[in-house]
Amino acid sequence: MRESAVRAKELGNSAFGAGDYATALKHFTLAIRLDKNNRLLYSNRSACHASLGNARKALEDSTECIKLAPTWAKGYSRRGAAYVLLG
């Protein structure tokens with residue numbers, strides 16, 4: 001299962017880099033199903049949601065990221081981006 005999560009993450013990163021946020025979102029969601037305790041996956045999916053204008057979903061994923069890694073600054077930056085979108 002772990003290898004599948006890594007592969008889904010890689011596909012998500014490629015799609016995100018190409019600007020295909022909807023496809024990246026699907027890959028990161030699959031990766032999260034396979035590895036629910038990976039802060040990077042929630043962070044990346046939060047970025048996808050933010051890029052698609054889904055502020056609430058971006059906030060939810062940033063919150064989960066922070067729960068998993070409360071000292072990791074990236075989770076807080078994702079939360080900030082979500083709050084900016086929320087106005």
Rounded to the nearest 0.5 Å, how far does [atom2] of [Y] lie from [atom1] of [X]?
X: Leu30; Y: Ser4; atom1: CG; atom2: OG; answer: 7.5 Å
X: His49; Y: Phe28; atom1: NE2; atom2: CZ; answer: 11.0 Å
X: Thr29; Y: Leu34; atom1: OG1; atom2: CG; answer: 11.0 Å
X: Arg79; Y: Glu64; atom1: CZ; atom2: CD; answer: 11.0 Å
X: Ser46; Y: Lys57; atom1: OG; atom2: NZ; answer: 12.0 Å
X: Asp35; Y: Leu40; atom1: CG; atom2: CG; answer: 9.5 Å

If we ignore hydrogens and angles and just use 3.5 Å, is the side chain of Ser77 paired with the main-chain N or O of Lys74 as donor and acceptor?
yes
Test item: Ser43 side-chain N/O and Arg39 main-chain N/O as donor-acceptor pair under 3.5 Å:
no
I'd like to check the side-chain hydrogen bond (donor to acceptor under 3.5 Å, both in side chains) partners of Thr23; sequence neighbours left out, ordered by chain and number.
Asp20
Who are the salt bridge (charged side-chain N to carboxylate O under 4.0 Å, His left out) partners of Glu60, not counting sequence neighbours?
none
Could you pull out all residues at least two apart from Arg78 that satisfy salt bridge (charged side-chain N to carboxylate O under 4.0 Å, His left out)?
none
Less than 4.5 Å apart, side chain to side chain, heavy atoms only: is that true for [X] and [Y]?
X: Leu86; Y: Tyr83; answer: yes
X: Tyr42; Y: Ile66; answer: no
X: Cys65; Y: Tyr76; answer: no

Which pair of heavy atoms, one from Gly75 and one from Ser62, lies closest together, and at what distance?
O-CB, 3.8 Å
Sole residue of Asn38, Leu41, Asn44 in side chain to side chain contact (heavy atoms under 4.5 Å, CB included) with Ile32
Leu41
Shared hydrophobic cluster for Leu85 and Leu52 (ILVMFWY, side-chain gaps under 4.5 Å):
no
